[in-house]
Amino acid sequence: MLVIGILSVIGNVMVVARRFKEDNSKNEFNKVQNILISNLAVSDLLMAVYLLIIASVNIHYRGRYSEVARVWKNSFLCSFAGAISTLSGECSVFTLMILSIDRAVNITNPFTTKRLNRTKCRIIIGIGWLVWIVLSFLPVLNRLSFVNISYFGENYYGKESVCLALPLTRSRWPGWEYAIGIYIAFNGLGFIVIAVSYLTIFFSVKRVGATITSRKRREEQIRRARKCALIVFTNFCCWFPIVLMGICSETETWRIADEIYVWTASLIIPINSSINPYLYTIFFLHAFKI
């Protein structure tokens with residue numbers, strides 16, 4: 001977790017710094033991409049904060065966790081860690097959805113006038129952040145003495161030591177429907193949108209490539225198609241197992257072991273936040289310049 005957290009911090013800080021440096025681009029498409037990728041980096045940075053919190057607490061309580069487990073899971077820091085992890089993961093998925101749709105529109109219809117500009121992009125991203133801040137921190141409000149949302153119970157994020165409300169068990173704890181709506185329904189929808197967007201790009205490139213006689217241009221189109229497949233594959237590897245495990249758990253076709261729950265929270269979810277900056281900046285930066 002420390003390694004992934006540190007890699008995520010380094011990668012995402014590099015992305016934000018690079019995007020600020022390139023913000024003076026005269027190309028409207030590039031400016032929109034800078035906004036989207038910068039927001040993706042910021043959301044992924046929050047996941048790094050979550051990882052560093054959990055890893056630090058693990059080091060602090062090592063060898064005596066059984067004595068303080070209840071105290072830790074009932075602490076505000078645990079609830080805060082769970083909220084920023086949820087905020088990070090869902091804002092990352094939301095930003096990837098917008099980024100995928102925007103690239104699909106620009107690449108498959110390069111002459112269309114129906115594309116994002118900076119103003120529309122900032123409004124959409126701003127609304128997205130506002131919605132997910134509210135949804136992520138709403139269960140935490142119960143910790144305030146003057147707030148009582150009985151639906152979430154007293155400790156929504158403190159069901160497990162990693163402070164996440166993943167719906168991977170049949171336990172009907174307070175707010176389990178809320179978790180299913182976020183982690184299974186929304187993330188499943190997000191993956192479908194991303195996959196359809198890049199498959200659209202893939203088939204469009206393939207169709208255009210079939211009419212291209214220039215060898216150099218054909219090779220360029222093939223490289224683009226490969227980058228699309230890589231994007232779909234990495235997001236699939238990170239989010240689909242969680243959606244699948246959640247569905248299997250709800251339908252009682254698979255009993256999820258506690259160890260898998262912890263590995264999901266500490267590796268599968270955060271790894272996407274570490275991969276994104278390197279994937280989009282190093283591998284993908286030169287793939288779709290228009």
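Below, each value reflects all heavy atoms present in this structure, side chains not excepted, and no hydrogens, waters or symmetry copies.
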Mind checking what makes side-chain hydrogen bond (donor to acceptor under 3.5 Å, both in side chains) contact with [X], not counting sequence neighbours?
X	answer
Thr86	Tyr183
Trp129	Asn39
Tyr151	Glu177

To the nearest 0.5 Å, what is the distance between [atom1] on [X] and [atom2] on [Y]?
X	Y	atom1	atom2	result
Ile133	Cys91	CD1	SG	6.5 Å
Asp102	Ile35	CG	CD1	10.5 Å
Leu99	Ser197	CG	OG	9.5 Å
Thr95	Glu90	OG1	CD	11.0 Å
Leu36	Met97	CG	CE	12.5 Å

Same hydrophobic cluster for [X] and [Y], using side-chain heavy-atom links shorter than 4.5 Å among ILVMFWY?
X	Y	result
Ile98	Ile123	yes
Val131	Val42	yes
Trp176	Tyr156	yes
Val134	Tyr157	no
Leu52	Met14	no

Partners of [X] by side-chain contact (heavy atoms from CB on, under 4.5 Å), sequence neighbours excluded?
X	answer
Ile192	Val196
Leu138	Leu141, Ile149, Phe152, Tyr178
Ser88	Leu46, Met47, Ser273
Arg64	His60, Tyr61, Glu67, Val68

Side chain Ser100, main chain Ile194, donor-acceptor under 3.5 Å: no
Any donor-acceptor N/O pair, Ser43 side chain to Leu40 backbone, under 3.5 Å: yes
All ring-ring contact (aromatic ring centres under 6.0 Å, His included) counterparts of Trp132, not counting sequence neighbours: Phe186
Other cluster members, Val71 - Ile/Leu/Val/Met/Phe/Trp/Tyr, side-chain contacts below 4.5 Å: none
Any side-chain heavy-atom pair of Ile84 and Phe137 under 4.5 Å: yes
Intermediate values then yes/no, side-chain contact (heavy atoms from CB on, under 4.5 Å), Ile124 and Phe94: CA-CA 10 Å; Ile124 293 173; Phe94 177 76; 3.9 Å; yes
Taking every non-hydrogen atom, the tightest pair across Lys73 and Lys159: NZ-O, 4.0 Å
Derivation and outcome, side-chain contact (heavy atoms from CB on, under 4.5 Å), residues Leu51 and Leu2: CA-CA 7 Å; Leu51 288 172; Leu2 281 173; over 6 Å; no
Chi angles and distances behind the side-chain contact (heavy atoms from CB on, under 4.5 Å) call for Ser8, Leu45: CA-CA 7 Å; Ser8 182; Leu45 267 175; 5.6 Å; no
Compile the donor-acceptor pairs under 3.5 Å between side chains in residues 74-83 and protein atoms, sequence neighbours left out, one pair per line.
from, atom 1, to, atom 2, distance (Å)
Asn74, OD1, Asn155, ND2, 2.9
Asn74, ND2, Arg70, O, 3.1
Ser75, OG, Trp72, O, 2.6
Ser75, OG, Cys78, N, 3.2
Ser79, OG, Arg143, NH1, 3.3

